[in-house]
**Student:** 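Input: one structure, supplied below.
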Amino acid sequence: MHRWSELFIPTLREAPADAEVASHKFLVRAGYIRQLAAGIYSFLFLGNRSFNKIVAIVRQEMDKIGQEFFLPVLHPREIWEASGRWSLMGENLFRLKDRKGADMCLGMTEEEVMTEIARKELRSYKQLPQIWYQIATKFRDEPRPKAGLLRVRQFMMKDAYSFDIDAAALDVSYKKHYDTYCRIFDRCGLKYMVVEADSGAMGGKESHEFMVRTPAGEDQIVSCDGCNYAANLEKATSKLEGVEDLRPEGDGKPLEVHTPGQKTIEDVARFLGVSPKNKIKTLALMGEEKDGKTGKTKLRAIVVLTRGDHQLNEAKLNGMVAQATRPMDEGEIKALFKSPAGYLGPIGIEWAKDLKKDALPVLLVDKALEGRSNLIAGANKEDYHLKNLTPGKDFHPTAYADLRAVTAGEGCRNCGNALRIDTAVEIGHIFKLGDRYTEKMGARVLDKNGKEVTPIMGSYGIGIERILTAAVEQGNDENGFWLPPSIAPFEIVVSPTNVKDESLLSVAQDIGQRLGAAGFDVILDDRDERPGVKFKDADLVGIPFRITVGKKVTEGTVEVVLRSTREVHDVTIASIVEYFQGALRAKA
RNA sequence: CGGGGCGUAGCGCAGCCUGGUAGCGCACCUGCCUUGGGCGCAGGGGGUCGUAGGUUCAAAUCCUAUCGCCCCGACCA
């Protein structure tokens, strides 16, 4: 049994001025963490205790499906060069040189190291499937660390990798992780949801993220209360209500209209008396691609058309063109459209026929415009717009694609219910990697027929700090927070109201010892402080249950307080162990 | 990387504009008092004013540079 009076639990009355989100404020105030530098934190006694409990749960569950390794975090350049990520990862990769001047880096994820082992050791289909995992520190030089432990530069991650002989086998490994992740997050007491995710530039096929709703999060998730549809905004789609097209004017050919000074979609729509839904939004972008060898940046004009009231989803676009994009500058706009911004449109420019042809500018049209007619766009001429524009007839896109961002209230693609959008924090991510790493790094095994094949991989991550952060975010009030018992630094705090009263102290000690002997994690607040101080601290530090040992001892009872709801139960001293055997294991 | 803000005691802040003794609350130490929601009284310790340079008789304060931290952005032409 731990005694508070002997421990280092530096609680603060006030939050540090630079903390904004609840979890950051409370974890600092409760003495869990202290900041060392931007995005780098020290874990003190309580924080580390909670941290270790989370790790233990993750390890226990992962051991049921995989094998734990421990890999180096200091990597030679060569393996990152082999996977092609030495240049791809850019500034996010912490780089350094050893004494001989050789390039090294700090691991931000471990596909390379795992694949290197697979390459050297795996020879036969008989050795598959394999699931290897580790729980280790990762380094990422984030452009902007923020919100306490939410986005940091050094963190602990459980990362797992599966190697399978074919896609069907990968499905099995993937499902194992999906189920295991659910068990882990259930045991951690989190209210999470699983969403379809963008597999990103990694080139995976299927991907799910495990998300906890909180305004502190960085991701937007689209979900349906009517069915189980849920997806990251970067990936989400919806059912659109039909829009009535305008009737053709004049001879039905593109018709120039004078729109002096009308630049924005709203202005033009109002000026012409039409809905923005009948307008085309023209987005002028530049695709940038860095040549790995020469270091030169290749530019390519990419123009995206969306419905006037729609927003471009950059993640979808980036996935489609497989390169970074930025808005065109004034000169670039002028060069391509021969017109100032505000009057841009697709007419009068020769567009590429397919994405691979580098020479010509690319015209990507959002699917919501496919089949529409008599739309209005800029005329590529100052103060003029064009009516009667029909995609496929008046201009020919390089490709149609789903590029728009879903907005709240649109219909679910499965059941039609109104979709909601919430902010959430990502606590886990699983995805089917395919053969990207095994292929590039030369991992091969022989199949049943003696033929050489490339094993395919899955990659699976859990952010340990984020489990703690999410738990604090989902359970706090103005006085502090409460963690689920499974991941709290202690399950129960025993608070005698006055330690100078021998009878109170001895009852408290007795209760603490009996609960400890029964397997509960107990801390005795034996500090010589006023009751108010102890109660405030107990409320602050995340312990889900408190036992107040006070006046009622003379009647043979103590009070059990459930931190989350502040429910109070009088329990006899004699039956306290039995009480917790029922109560604590049953509810959070 | 762009924009904004902030660096003064462990935490939260004032002082800076208008240069001249570095201050307040909490925390901390000692004593007394008190003991069911951060109690009270008395005494006390603790600061290179982020760093470097400059102006000045004199710099926390004015000027320059630099470092650090926080927030917003890096999408809607």
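In the text below, chain A, chain B and the rest are named by the order of the sequence lines, each starting its count at 1.
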**Student:** Please state whether the base of B:G36 and the side chain of A:E559 form at least one donor-acceptor pair under 3.5 Å?
**Tutor:** yes
**Student:** Looking at A:R546 and A:D525, does any basic side-chain N land under 4.0 Å from a carboxylate oxygen?
**Tutor:**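 Between A:D525 and A:R546 there is no salt bridge, as every charged N stays at least 4.0 Å from the carboxylate O atoms.
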**Student:** Ignoring hydrogens and angles, does a donor from either the side chain of A:R546 or the base of B:G37 sit under 3.5 Å from an acceptor on the other?
**Tutor:**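 Side chain to base: pair present.
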**Student:** What is the distance, rounded to the nearest whole Å, between atom CZ of A:R144 and atom C1' of B:G68?
**Tutor:**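 In whole Å, B:G68 C1' lies 16 Å from A:R144 CZ.
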**Student:** Rounded to the nearest angstrom, tell me the gap between atom CG in A:D18 and atom P in B:C11.
**Tutor:** 10 Å
**Student:** Looking at every strand, decide which applies to A:K146 at a 4.0 Å heavy-atom threshold: base, sugar-phosphate, or nothing.
**Tutor:** sugar-phosphate
**Student:** Do A:R563 and A:D477 pass the salt bridge (Lys or Arg N to Asp or Glu O under 4.0 Å) test, and can you show the C-alpha distance, the side-chain angles, and the key distance before you say yes or no?
**Tutor:** CA-CA 10 Å; A:R563 172 64 182 88; A:D477 58 22; 2.8 Å; yes
**Student:** Do the two ring centres, one from A:F45 and one from A:H2, sit under 6.0 Å apart?
**Tutor:** yes
**Student:** Nearest of B:C11, B:C26, B:C69 to any side-chain atom of A:E14?
**Tutor:**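 Nucleotide nearest to A:E14's side chain: B:C11.
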**Student:** Has A:R49 got its NZ or CZ under 6.0 Å from the middle of the six-membered ring of A:F490, at an angle within 45 degrees of the ring axis?
**Tutor:** yes
**Student:** Assign A:D539 to base, sugar-phosphate, or nothing according to its heavy-atom contacts below 4.0 angstrom with the strands shown.
**Tutor:**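 Base, at least one base heavy atom under 4.0 Å.
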**Student:** Starting at CD of A:E142 and ending at C1' of B:C69, how long is that distance when rounded to a whole Å?
**Tutor:** 17 Å
**Student:** Please classify the nucleic acid contact of A:E529 as base, sugar-phosphate, or nothing, using heavy-atom distances under 4.0 Å.
**Tutor:** base
**Student:** How many whole angstroms separate atom CD of A:E478 from atom C1' of B:G38?
**Tutor:**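 One finds 15 Å between C1' of B:G38 and CD of A:E478, rounded.
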**Student:** For B:G36, does either OP1 or OP2 sit under 4.0 Å from a side-chain N or O belonging to A:R530?
**Tutor:** no
**Student:** Measure from CZ on A:R566 to P on B:G36 and round the result to the nearest Å.
**Tutor:**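 Nearest whole value for this atom pair: 18 Å.
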**Student:** Can you measure A:F535 atom CZ to B:G38 atom C1' for me and round it to whole angstrom units?
**Tutor:**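 Result: 12 Å.
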**Student:** So, is A:Q35 close to the B:G68 phosphate, meaning a side-chain N or O under 4.0 Å from OP1 or OP2?
**Tutor:**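 Indeed not, no polar side-chain atom of A:Q35 lies that close.
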**Student:** I'd like to know if A:R527 reaches the base of B:G38 with its side chain, counting only an N/O donor and acceptor under 3.5 Å.
**Tutor:**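 No, no donor-acceptor pair under 3.5 Å.
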**Student:** Under the 6.0 Å and 45° cation-pi test, does A:R95 pair with A:W80?
**Tutor:** no
**Student:** Once hydrogens and angles are ignored, does a donor-acceptor distance under 3.5 Å link the base of B:G36 to the side chain of A:N498?
**Tutor:** no
**Student:** For A:P276, answer base if it contacts any base atom (sugar-phosphate contacts may also be present), sugar-phosphate if it contacts only those atoms, and nothing otherwise; contact means non-hydrogen atoms under 4.0 Å.
**Tutor:** nothing
**Student:** Start at the 5' end of RNA chain B and walk down; is the nucleotide closest to A:T497 or to A:Y41 reached first?
**Tutor:**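 It is A:T497 whose nearest nucleotide is closer to the 5' end.
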**Student:** Which sits closer to the 5' end of RNA chain B, A:A15 or A:R29, going by the nucleotide each is nearest to?
**Tutor:**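 Whichever sits nearer the 5' end wins; that is A:A15.
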**Student:** Which nucleotide, in any strand shown, forms a Watson-Crick or G-U wobble pair with B:C32, with both distances under 3.5 Å?
**Tutor:** B:G40
**Student:** Under 4.5 Å between any side-chain heavy atoms of A:L44 and A:Y32, yes or no?
**Tutor:**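 Side chain of A:L44 against side chain of A:Y32, heavy atoms only: no contact under 4.5 Å found.
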**Student:** Measure from NZ on A:K552 to P on B:G36 and round the result to the nearest Å.
**Tutor:**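 In whole Å, B:G36 P and A:K552 NZ are 13 Å from each other.
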**Student:** Would you mind classifying the nucleic acid contact of A:A147 as base, sugar-phosphate or nothing, using non-hydrogen atoms under 4.0 angstrom?
**Tutor:**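 Counting heavy atoms under 4.0 Å across all strands, the contact made by A:A147 is with sugar-phosphate only.
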